[in-house]
Trainee: 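My questions all concern the structure below.
Residue numbering restarts at 1 for every chain, and letters A, B, ... go by the order of the sequence lines. Hydrogens, waters and symmetry mates play no part in the numbers below; they use all other heavy atoms, side chains included.
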Number of protein chains: 2
Amino acid sequence: MATRKEVAARAGVSEATVSRVLNDVGPIKEETRQRVLQAAKHFNYAPNAIAQSFARGKSGNLGVVLPYVPGVHLFSTFYFSEMLSGIGAAAKERGYDLLLKFRSLETDNDYELLFQRQKVDACIILGARNTVEERESLVRLQAAKLPFCLIGQHYEELRCNTLDADHVQGSYLAVKYLLDQGHARIAFLNGSPAYSNSQDRLKGYLKALGERGIAFDERLYVEGNYSRTSGYQAAPYILEQQVDAVFAGNDRMAIGFMQKLRELGRGAGQDMAIVGYDNSDAAQFTEPPLTSVAVPFYEMGSLAAAKLLESIDANDEKEIFQEKLSTHLVIR
Amino acid sequence: MATRKEVAARAGVSEATVSRVLNDVGPIKEETRQRVLQAAKHFNYAPNAIAQSFARGKSGNLGVVLPYVPGVHLFSTFYFSEMLSGIGAAAKERGYDLLLKFRSLETDNDYELLFQRQKVDACIILGARNTVEERESLVRLQAAKLPFCLIGQHYEELRCNTLDADHVQGSYLAVKYLLDQGHARIAFLNGSPAYSNSQDRLKGYLKALGERGIAFDERLYVEGNYSRTSGYQAAPYILEQQVDAVFAGNDRMAIGFMQKLRELGRGAGQDMAIVGYDNSDAAQFTEPPLTSVAVPFYEMGSLAAAKLLESIDANDEKEIFQEKLSTHLVIR
DNA sequence: TTGTAGGCGTTATCAC
DNA sequence: GTGATAACGCCTACAA
C-alpha cells in the first residue's frame, strides 16, 4: 500500500506538500497541486486513517455501548434497532464512524476503559442500569471529562448528558386512555425498576390513576423483564386479579400476554383491553392490532449523536444537555 | 491522560519494560512487574489503542458495510438486525471491535477506500448488489488482497469469501409445500434480481414447479422491493391472476400483501394460501400466523465473522470459503 | 532480565 | 509556496 512518501517522490515535492494538497490547507500553486493529485492517483493513495488519528489525537469514531447478553439477539429488539439507525445516520452526516462495543453485563462494568484507550472521541451508552457499579463508573467517566451521553436512562444523583423519551407522559396517556374507555381495574405489567424508564412508567400510571382518585392496588402491579416470555408467564396471575384492562411496559410483553390469553380461550380486545408500549412494527400485526405508545427511538438516537458530536466539534466549554422527547398514543 | 512514559518514570524502569509487563511478553523479574503494575494503577494508565494500532499496523476492528438509505430504518429489518447480532458476538469473542460503515448506495460505491485507509483489518459486506460498479470495486478489493466476506450475495464471475443461506432450497421447500397442499396457480412475489438471493429464490420456485411438470407462467411472477409497501401494492394485480396461493420473497412483502387482502375483504388463509420468507418475529403475530422459510441469519453473521477473523489471525495463506447454510420451512 | 533506539505515517510548526 | 523536522505513543529487534 502506497504511503505519502512515494507520492511525494513521484510528484517531486516534499511530504508536507502532499499533506497540504490532500488536506486542502495553506496556499499551493495550482500546478503543484495537480502534480500531487496525479501522483496520488497513480499509486491509488489514500492517507492511512490510523496514522491520521494518531497524529491528530482524534479517532473519528463515535462509540456506542450496547448491553451484550449471549444468546439474546439484541438488534432484533425494536428499541435498539431504531436507536442505532438514528445514531448511525447522524454520525455519518458528520463524517464519524460508529464503533460498537458490546458490554457483558456481568464482567464489563467499566465504561472508563473505553475512553482511556481513546479509540472513540465520544460515546453513547445504551441500556445503562441503575446499579452501584454503573453509577460509580459513570461518575469516573464524567470526572475524566470524557464526552458521553446516556440514552433511555437517567440518574437522580448524576448530572450528565441525557436523552430520553418522556415515559411519565407516555404511560399517563396510555392509562388515561384506558380509564376513558371505562376501565377501572387496570393491571400494570412493568419492566425491571433498574431502568429509570420503568420507574417513569410507574409514575405515569400512578398519575393517571390519581387523577381519577383511584388508589394504587399493588396486586395489580407485576414486574416482568421486557421479554415476550415474561408477558406470557405473567398472564395467569393477572387474570386471577379480575382486571378489565392491562397496560404493558412494552409491546413484547403485551404480545406475550395476548398469546397466553388466546391459549386460554379469552380473545384479547373482547373482555380485556390491552395497551402496549413502543409502537413497534409488531403492534400492527397482532390480532387485534395493539394500541401502543409511540416512542421516537430513531429521533432519540440521531438527536443524541448530533448533540454529542456537535459539542465535541465545537471545542468550547460543553454545556450539559438533558432532553426529553415526547411520546404519543397510537390507537388501534 | 497518562502515558507510558510517566508510568516508566514512576516505576523507575524503561518504557520498553512497561510495554513488556503490560503485554506479558519476555521474561520479567516479578518485583519489576509489580512496580510497573502499581505505577500503572496509580496513573490509571491504559495503553492508547490508536497508538497501539499504529505501531502494530493492525486496527483490531472488523468493518461491517451496510447499505444506507436515508429515511429507512435499516436495523429494523430482521435481516440486518439478526446478522449484525451474530457478527457482533463472534467479533467480541475474538477481541475485535465492530466498525460500522453506512454506505450510500448512490455515492459510496468504492469498497476499496474502506481498506485503503486501513481502519479495519477485515470487512464484512452486507447488502451488496449485482451492478457493474460494485463488481468492479470488489474485484479491486480482492486484487489488493484485502480480506473480506460477502454475506447474502454471490457473483458468478467473482470467487471470494461468501456466506449465504441456500435460498434455492428454501424457495423449493416453500413452493413444494404449497403444491403438496393442492395449490397449482402459485404466484411468486420476488425482490429485485440485483440480489443473487432473489435469483436463487426464483430457481427454487422453478425447480419445484418443474418437478410437477408445471410450466412457468410469467403472469404469476411479480417483482417488489422487499418492502411491506411493495407487497401491499402488488396485491391487486396478483388477485386478478386468479391464483390460489402466493409465495413471497420475504415476510414483509407477505404481510403487506395480507393487509391489502384483508382490506379487500378477502381474509388470508381462507381462499388463498400464503408463504413468506425469513421467518421473522412478525410472522408469528399475523392473523393467521404466517408459514415462512426460516433463515439462520444470526448464524450466518457469526460464522462469517468467525471464519474471516480466524483467517486473518492465522496469517498463513488464506483459503477462500464459500459456505451455504440450509433453511427450513416453519409451518403455521 | 532490562535498556536503547529505530520505525510506524501523519500533522503541524518552523524556517526559508 | 514549499521544505525540514519535531512530535504523537507504542512496539520490537538488538545490545548489553
Trainee: Which one, C:dT2, C:dG9, C:dT4, comes nearest to the side chain of A:A51?
Mentor: C:dG9

Trainee: Could you check how far CZ of A:F54 sits from P of C:dG7, rounded to whole Å?
Mentor: 16 Å

Trainee: Give one of base, sugar-phosphate or nothing for A:S53, where a contact means two heavy atoms less than 4.0 Å apart.
Mentor: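 Counting heavy atoms under 4.0 Å across all strands, no contact is made by A:S53.
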
Trainee: May I ask you to say what A:V25 touches in the nucleic acid, namely base, sugar-phosphate or nothing, with a heavy-atom cut-off under 4.0 Å?
Mentor: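 No contact at all - A:V25 keeps every heavy atom at 4.0 Å or more from the nucleic acid.
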
Trainee: Find the distance B:N23:CG to D:dG9:C1' and express it as a whole number of Å.
Mentor: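 Going from B:N23 (CG) to D:dG9 (C1'), I get 13 Å.
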
Trainee: Any Lys/Arg nitrogen of A:R33 or A:D24 sitting under 4.0 Å from an Asp/Glu carboxylate oxygen of the other?
Mentor: yes

Trainee: Which whole-number value in Å describes the distance from A:I28 CD1 to C:dA12 P?
Mentor: 14 Å

Trainee: Can you figure out which of C:dT10, D:dT2, D:dC10 approaches the side chain of A:A55 most closely?
Mentor: C:dT10

Trainee: Please tell me which of B:R33 and A:S19 maps to the more 5' nucleotide of DNA chain C, matching each residue to the nucleotide holding its nearest heavy atom.
Mentor: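 Here B:R33 is the residue nearer the 5' end.
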
Trainee: What integer distance in Å separates A:K5:NZ from C:dC8:C1'?
Mentor: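 A:K5 atom NZ is separated from C:dC8 atom C1' by 11 Å.
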
Trainee: Quick one: pull up CG in A:L150 and SG in A:C160 and give me the separation to the nearest 0.5 Å.
Mentor: 5.0 Å

Trainee: Which listed nucleotide (D:dC14, D:dG1, C:dG9) is nearest to the side chain of B:R20?
Mentor: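 Between D:dC14, D:dG1, C:dG9, the one nearest the side chain of B:R20 would be D:dC14.
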
Trainee: Under 4.0 Å, heavy atoms only, any strand: does B:T17 hit a base, just the sugar-phosphate, or nothing?
Mentor: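 Since only primed, P, OP1 and OP2 atoms lie under 4.0 Å of B:T17, the category is sugar-phosphate.
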
Trainee: Which is it for A:L99 and B:N61 under the side chain to side chain contact (heavy atoms under 4.5 Å, CB included) test, yes or no, and what are the steps along the way?
Mentor: CA-CA 9 Å; A:L99 193 71; B:N61 295 149; 3.7 Å; yes

Trainee: Round to the nearest Å and state the distance from B:D24 atom CG to C:dT1 atom P.
Mentor: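 The answer, rounded to whole Å, is 13 Å.
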
Trainee: Checking side-chain polar atoms at under 3.5 Å, does A:Q34 have a donor or acceptor matched by the opposite partner on A:Q38?
Mentor: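 No - no donor-acceptor pair under 3.5 Å links their side chains.
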
Trainee: Can you tell me if A:T32 touches the phosphate of D:dT2, counting only side-chain N or O atoms and a distance under 4.0 Å to OP1 or OP2?
Mentor: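 Checking D:dT2 against A:T32, a side-chain N or O does come within under 4.0 Å of OP1 or OP2.
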
Trainee: Round to the nearest Å and state the distance from B:Q52 atom CD to D:dC10 atom P.
Mentor: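 Result: 8 Å.
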
Trainee: Which of the following nucleotides, D:dA4, C:dT4, D:dC10, is nearest to the side chain of B:N48?
Mentor: D:dC10

Trainee: Counting side-chain heavy atoms from C-beta on, which of D:dC11, D:dG1, D:dC10 comes nearest to A:P27?
Mentor: D:dG1

Trainee: In this structure, how many angstroms lie between the P atom of C:dG3 and the CZ atom of B:R4, rounded?
Mentor: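 It is 12 Å, rounded to the nearest whole Å.
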
Trainee: Rounded to whole angstroms, how far apart are CZ on B:R56 and C1' on D:dA13?
Mentor: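 Spelled out: CZ on B:R56 to C1' on D:dA13 is 16 Å.
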
Trainee: Less than 4.0 Å between a side-chain N and a carboxylate O, is that true for A:R103 and A:E134?
Mentor: yes

